[in-house]
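A quick write-up on the structure given underneath.
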Amino acid sequence: MTNKKYAIGIDYGTESGRALLVDIENGEELALHVTPYPHGVIDEVLPNTETRLEHDWALQHPGDYLQVLFNSVPEILRISGVNPADVIGIGIDFTACTILPIDAAGVPLCFDEAYQREPHSWVKLWKHHAAQEEADLINEIAGIRGETFLQRYGGKISSEWMLPKIWQILREAPHIYEAADRFLEAGDWLVLKLTGHLMRNSCAAGYKSLWHKSAGYPDKSFFGALDSRLENVIETKLRGVIAPLGTKAGGLNEEMAERMGLLPGTAVAVAIVDAHAAVPGAGVADEGKLVMAMGTSTCHLLLSAEEKHVEGVGGVVEDGIIPGLFAYEAGQAAVGDIFAWYIENGVPAYVQLEAEKAGMNVHNWLEQRAAAYQPGESGLLALDWWNGNRSVLVNSNLSGMMIGFTLLTKPEEIYRALLESTAFGTRQIMDAFEAKGVEVRELYACGGLPQKNQLLMQIYADVTNREIKIAASTQTPALGAAMFGAVAAGSNSGGYDSIKEAVQRMTHVQERTFKPVPENVLIYDILYGYYCRLHDEFGRGGNDIMKQLKALANKV
């Protein structure tokens with residue numbers, strides 16, 4: 001007999017989903033299982049069709065998300081041996097803004113044979129950037145009208161967000177727009193599937209859909225100014241209750257309980273954005289602490305007692321992560337993706353051979369070689385815009401750059417310059433916060449990269465001149481989601497009544513931290529000055545060559 005209670009956190013990333021079973025008493029992670037998405041990221045051809053996608057498209061198959069529930073949840077129960085009766089709560093985190101159109105029964109339109117060959121009927125992944133034209137128009141019209149909501153998003157909204165993606169559908173496939181009963185965040189759709197209750201989570205609504213806790217959505221006249229067909233979009237396509245984080249969306253329905261191996265009625269929390277779930281998962285619930293959720297991209301989440309308008313932030317939302325605090329979001333559109341691109345496309349064959357001889361993977365081989373260089377020694381400097389710039393410029397039409405090549409440049413030098421570029425991008429974001437009086441006192445890092453790449457974290461400490469603490473959990477978004485599941489269950493069921501209480505009981509940080517090396521800090525200050533010159537020359541309109549090249553590529 002046992003009185004132990006458990007929660008499940010289900011973390012949906014870009015390439016896979018994972019389920020984590022957690023002991024509510026102390027945060028011990030008992031079992032983890034990962035399910036890769038069978039269809040992956042759909043960016044060339046729609047599944048089982050000959051329908052080709054245009055440039056900057058990124059779609060997914062909603063059926064892949066269900067496979068995570070049906071495969072990974074039963075597997076963690078099997079691995080752990082935990083009695084399903086002792087699982088009291090489920091939480092879901094999801095990439096955002098990842099949206100899909102559904103019919104009146106809650107079924108994705110791409111499941112309908114009539115729409116399967118229609119790209120706009122599928123899930124638009126967070127990194128679908130083909131709505132940049134719509135984002136530009138929204139920013140232009142909102143600026144002309146003096147819409148105050150823009151200030152909460154650093155002066156620009158992103159092509160990755162809900163409204164540009166919906167407007168792209170309306171402009172390019174109006175019949176899909178009309179066929180859609182609603183547009184949902186994928187995380188909210190899964191909660192609907194699990195419980196039968198449609199609840200939009202306040203996190204995604206605040207950061208990605210222009211919703212404000214006090215002011216609500218922008219006035220319908222603004223939507224009408226964009227396109228007369230959008231005037232009533234909130235009341236029609238985006239209708240639904242917006243619920244605070246930690247809210248119990250409902251109990252697990254019988255059909256899903258049977259497929260997942262859990263008991264009907266198990267508490268299901270409203271969804272949360274994946275990076276935002278990493279904040280409590282990293283043990284952070286106080287102001288002045290910046291969490292870097294580092295993976296394929298990086299999200300920067302900062303808690304503060306004040307709401308201020310900061311250039312290029314992804315948003316500031318009251319109660320956006322922790323009740324009683326404002327949570328700022330900024331980010332870099334590619335970090336781990338840049339390193340992976342270089343390994344896959346830029347490394348010469350001899351590096352692979354040398355790594356194999358040393359019994360290492362290519363990342364580790366390059367990291368070891370790159371660590372032998374001093375800051376500035378390579379003479380290289382890069383801009384970290386391989387997937388556009390999310391913060392502070394908010395422009396997906398920007399692209400990557402590196403200068404300083406010579407005939408003596410080595411692969412490990414290029415690798416180190418790419419690592420450094422992402423650290424400089426993070427410092428740009430921190431500078432934007434502090435320029436507006438939003439203090440960054442402590443840095444925390446979580447995700448796959450901090451666990452794997454010590455050189456990267458030392459570079460970040462040196463570039464930012466901050467000590468960096470690393471979350472003990474390797475699955476901080478899933479842990480955070482599980483914590484919200486425990487809050488949804490509540491203390492009467494053995495869970496918690498607040499996320500702060502869950503943070504105190506269920507999280508830890510590693511003993512080792514990364515401290516800045518003073519002599520490295522001095523050199524990186526110089527390099528950062530050079531980075532800022534390149535950043536402003538190519539990112540603030542002084543030189544539009546990146547945009548011109550991209551426009552030419554699209555035209556050709």
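Because the structure is a prediction, the values reported are computed rather than measured.
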Counting only heavy atoms not in [X], do more than 12 sit closer than 6.0 Å to its [atom1] atom?
| X | atom1 | value |
| --- | --- | --- |
| Asn345 | CG | yes |
| Arg259 | CZ | no |
| Lys550 | NZ | yes |
| Phe70 | CZ | yes |

Closest heavy-atom pair and its distance - [X], [Y]:
| X | Y | result |
| --- | --- | --- |
| Pro62 | Trp189 | O-CZ3, 3.8 Å |
| Val521 | Pro516 | CG2-CB, 3.8 Å |
| His363 | Ala340 | CE1-N, 4.3 Å |
| Met260 | Leu77 | O-CD1, 3.8 Å |
| Met401 | Leu534 | CE-CD2, 4.2 Å |
| Gly63 | Phe111 | N-CZ, 3.7 Å |

Would you compute the distance between atom [atom1] of [X] and atom [atom2] of [Y] and round it to the nearest 0.5 angstrom?
| X | Y | atom1 | atom2 | value |
| --- | --- | --- | --- | --- |
| Leu20 | Glu29 | CG | CD | 4.5 Å |
| Arg512 | Ile468 | CZ | CD1 | 11.0 Å |
| Ser72 | Leu32 | OG | CG | 8.0 Å |
| Tyr65 | Thr35 | OH | OG1 | 14.0 Å |
| Asn139 | Glu134 | CG | CD | 12.0 Å |
| Asp11 | Leu479 | CG | CG | 10.5 Å |

Can any side-chain N or O of [X] pair as donor or acceptor with the backbone N or O of [Y] at less than 3.5 Å?
| X | Y | value |
| --- | --- | --- |
| Lys165 | Ala131 | no |
| Glu118 | Tyr115 | no |
| Lys469 | Ala282 | no |
| Tyr37 | Ser16 | yes |
| Asp93 | Ala481 | no |
| Gln451 | Ile470 | no |
| Lys410 | Leu408 | yes |
| Asn201 | Val273 | no |
| Ser391 | Gly312 | yes |

Going by an N to O cut-off under 4.0 Å, is there a salt bridge joining Arg78 and Glu75?
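Result for this pair is yes, salt bridge flagged.
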
Glu329 bridged to Arg390 by N-O distance under 4.0 Å
no

Would you check if there is a donor-acceptor pair between the side chains of [Y] and [X] at a distance under 3.5 Å?
| X | Y | answer |
| --- | --- | --- |
| Glu420 | Tyr531 | no |
| Asn397 | Gln132 | no |
| Glu160 | His128 | no |

I need the single residue from Asn465, Asp525, Thr464, Thr422 that forms a side-chain hydrogen bond (donor to acceptor under 3.5 Å, both in side chains) with Arg427. Which is it?
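So, applying the side-chain hydrogen bond (donor to acceptor under 3.5 Å, both in side chains) to Arg427 and each of Asn465, Asp525, Thr464, Thr422, only Asp525 qualifies.
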
List in chain and number order the residues that pass ring-ring contact (aromatic ring centres under 6.0 Å, His included) with Phe484, two or more places apart in sequence or in another chain; answer none if no residue qualifies.
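Once residues adjacent in sequence are excluded, Phe484 has no partner under the ring-ring contact (aromatic ring centres under 6.0 Å, His included) criterion.
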
Do [X] and [Y] have side-chain heavy atoms sitting under 4.5 Å apart?
| X | Y | value |
| --- | --- | --- |
| Met162 | Glu185 | yes |
| Arg416 | Ile459 | yes |
| Leu125 | Thr95 | yes |
| Leu366 | Val347 | yes |

Considering the options Val291, Val440, Leu290, which one meets the side chain to side chain contact (heavy atoms under 4.5 Å, CB included) requirement together with His300?
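Among Val291, Val440, Leu290, the one meeting side chain to side chain contact (heavy atoms under 4.5 Å, CB included) with His300 is Leu290.
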
Hey, do the aromatic rings of His535 and Phe424 have their centres closer than 6.0 Å?
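No, the ring of His535 stays outside the 6.0 Å limit from the ring of Phe424, centre to centre.
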
Residue pair Gln458, Asp462: steps toward the side chain to side chain donor-acceptor pair (under 3.5 Å) verdict
CA-CA 6 Å; Gln458 186 58 55; Asp462 293 338; 3.0 Å; yes

Please evaluate residues Tyr328 and Phe433 with respect to the criterion ring pair (Phe, Tyr, Trp, His ring centres under 6.0 Å), reporting the C-alpha separation (whole Å), side-chain torsions for both, the decisive distance (0.1 Å), and the verdict.
CA-CA 9 Å; Tyr328 294 81; Phe433 281 126; 5.6 Å; yes

